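Counting starts at 1 for both ligands and their atoms, following the listed order. None of the values given here were measured: they were computed from a predicted structure.
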Amino acid sequence: MTDLPGIVITGASGRMGRMLARTVQDSPRARLIGALERPGHPWTGQDLGTAMGGAEIGVTVTDDPLEVIARAQVVIDFTAPAATLEFATLAAQARVVHVIGTTGFNAADLKKLEAAARHAVIVRAGNMSLGVNLLTQLTKRVAAALDEDFDIEIVEAHHNQKVDAPSGTALMLGEAAAEGRGVALENVSDRGRDGITGKRERGHIGFSAIRGGDIVGEHDVIFAAAGERIVLRHIATDRAIFARGALRAALWGLGRKPGSYDMIDVLGLGEN
Ligand SMILES: NC(=O)C1=CN([C@@H]2O[C@H](COP(=O)(O)OP(=O)(O)OC[C@H]3O[C@@H](n4cnc5c(N)ncnc54)[C@H](O)[C@@H]3O)[C@@H](O)[C@H]2O)C=CC1
Ligand SMILES: O=C(O)C1=N[C@H](C(=O)O)C[C@H](O)C1
């Protein structure tokens with residue numbers, strides 16, 4: 001037995017689930033105590049290490065969230081909105097830290113997560129990397145410095161298996177730009193232009209999504225004016241950056257007061 005915090009990974013067979021399992025296994029500061037998959041998943045009942053094609057690690061993949069969350073100190077969750085809402089309820093009941101990387105929530109989902117955060121620590125971010133969270137701060141500053149002569153457009157590119165658009169990261173960047181401008185994103189957001197859309201509205205923030213191949217995640221924030229253009233760009237080439245951020249959030253969340261936190265809190269990037 002050890003005193004290291006016990007971490008459960010949800011969606012263990014997924015792109016992020018596998019990366020998270022390796023990251024936690026390699027960490028001297030945490031131990032992997034559980035791996036969760038959806039009911040009926042072929043990995044259920046198998047050792048996670050062997051299911052991933054390696055050596056046995058002594059963690060059996062389960063489809064019983066209640067049992068595994070009750071044994072954990074932290075749940076790291078990169079799955080899908082419906083699954084994450086279920087885990088948030090269980091984590092709140094068990095007073096377990098819930099690190100949420102899942103994207104694609106609607107407004108009603110976010111309200112439910114807020115309710116769960118009254119009972120347990122939730123750290124949620126559409127992107128857990130240091131680089132993107134720094135980019136949100138830069139975006140806010142540039143948007144605050146420029147007026148509406150600069151059109152703001154956010155362009156994101158991801159692999160062909162991604163199911164939500166705009167990406168969680170694009171929405172974070174849009175929120176940051178809107179905050180810098182002192183407006184509410186929901187009032188100025190242009191999404192999914194197609195056909196005779198009319199001219200671009202001054203002050204709006206546009207979103208475009210590219211899907212193809214194995215692109216890990218790329219985001220441009222474009223500030224375009226007459227005669228000049230500023231482009232802030234982040235390119236992810238390895239999902240390890242998200243997993244490292246998630247593990248950092250997990251350790252940071254231990255012993256905190258219940259509430260909703262994000263990676264700006266974890267990384268200490270907020271303005272004083
Ligand atoms: N915040 C961040 O830094 C990042 C967020 N993401 C987000 O994480 C999520 C997952 O991304 P990927 O790993 O690429 O997807 P994926 O499709 O490869 O993996 C999702 C996994 O969740 C599992 N799952 C679904 N419902 C479940 C349930 N009820 N119980 C247990 N497991 C369940 C699936 O079987 C699958 O194995 C997406 O929303 C994505 O946008 C991805 C990368 C970074
Ligand atoms: O689905 C992904 O892959 C990613 N999702 C996150 C998002 O929606 O922004 C983060 C990253 O870009 C990879």
Side-chain angles (χ1 to χ4, degrees), residues 8-23 34-44 48 51-52 61-69 75-91 98-106 109 122-133 135-136 154-176 207 209-221 233-250 262-264 266-267:
V8 166
I9 305 295
T10 65
S13 80
R15 279 172 289 275
M16 280 306 300
R18 295 171 197 230
M19 183 59 78
L20 287 158
R22 281 187 217 104
T23 303
L36 188 63
E37 254 304 337
R38 63 182 153 72
H41 191 277
W43 284 20
T44 307
L48 178 63
M52 291 202 301
V61 180
T62 177
D63 61 4
D64 181 355
L66 182 60
E67 181 278 324
V68 80
I69 289 174
V75 177
I76 302 184
D77 177 15
F78 287 60
T79 52
T84 293
L85 292 183
E86 180 192 352
F87 306 147
T89 303
L90 297 175
H98 191 185
V99 175
I100 301 175
T102 306
T103 58
F105 296 106
N106 61 32
D109 295 337
I122 291 185
V123 183
R124 185 179 69 84
N127 194 305
M128 300 256 167
S129 74
L130 172 61
V132 158
N133 284 280
L135 183 65
T136 63
I154 298 171
V155 182
E156 53 106 334
H158 284 87
H159 53 93
N160 58 21
Q161 301 300 299
K162 186 161 178 64
V163 296
D164 56 312
S167 68
T169 310
L171 293 171
M172 279 168 65
L173 293 165
E175 290 286 357
F207 292 86
I210 293 163
R211 295 288 175 266
D214 61 356
I215 302 169
V216 174
E218 303 187 3
H219 293 86
D220 279 5
V221 185
R233 169 172 296 169
H234 182 269
I235 299 178
T237 55
D238 187 340
R239 289 187 176 83
I241 61 173
F242 311 130
R244 278 200 298 271
L247 178 57
R248 188 163 171 173
D262 60 21
M263 285 305 286
I264 301 295
V266 173
L267 297 168

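Residue contacts with ligand 1 leave out Gly168, since none of its heavy atoms falls under 4.0 Å from the ligand. Using a 4.0 Å cutoff on heavy atoms, Lys162 counts as a contact of ligand 1.
Summary of contacts: the protein heavy atom closest to atom 13 (O) of ligand 1 is Met16 N, 2.9 Å. The protein heavy-atom contact nearest to atom 30 (N) of ligand 1 is Phe87 CZ, 3.3 Å. For atom 35 (O) of ligand 1, the closest heavy atom belonging to the protein is Glu37 OE1, 2.7 Å. Nearest protein heavy-atom neighbour of atom 15 (O) of ligand 1: Arg15 NH2, 3.6 Å.
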Inset, instruction - Quick one: do Met19 and Phe242 satisfy side-chain contact (heavy atoms from CB on, under 4.5 Å)? Show the steps, please. - result: CA-CA 9 Å; Met19 183 59 78; Phe242 311 130; over 6 Å; no
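Salt bridge absent: Glu156 and Lys162 never bring a charged side-chain N and a carboxylate O closer than 4.0 Å.
Counting only N and O atoms by type, the side chains of Thr62 and Asp64 include no donor and acceptor under 3.5 Å apart. Between Asp63 and His41, the side chains place no donor N or O within less than 3.5 Å of an acceptor N or O (distance only, hydrogens not considered).
Close approach to Ser13 involves these atoms of ligand 1, each under 4.0 Å from a residue heavy atom: 37 (O). Of all atoms in ligand 1, numbered sequentially from 1 with element shown, those under 4.0 Å from a heavy atom of Ala83 are 26 (N), 27 (C), 28 (C), 29 (N).
The N/O atoms of Arg38, backbone and side chain alike, include one that comes under 3.5 Å of an N/O atom in ligand 1.
Contacts between His159 and ligand 2, counted as non-hydrogen atom pairs separated by less than 4.0 Å, involve the side chain only.
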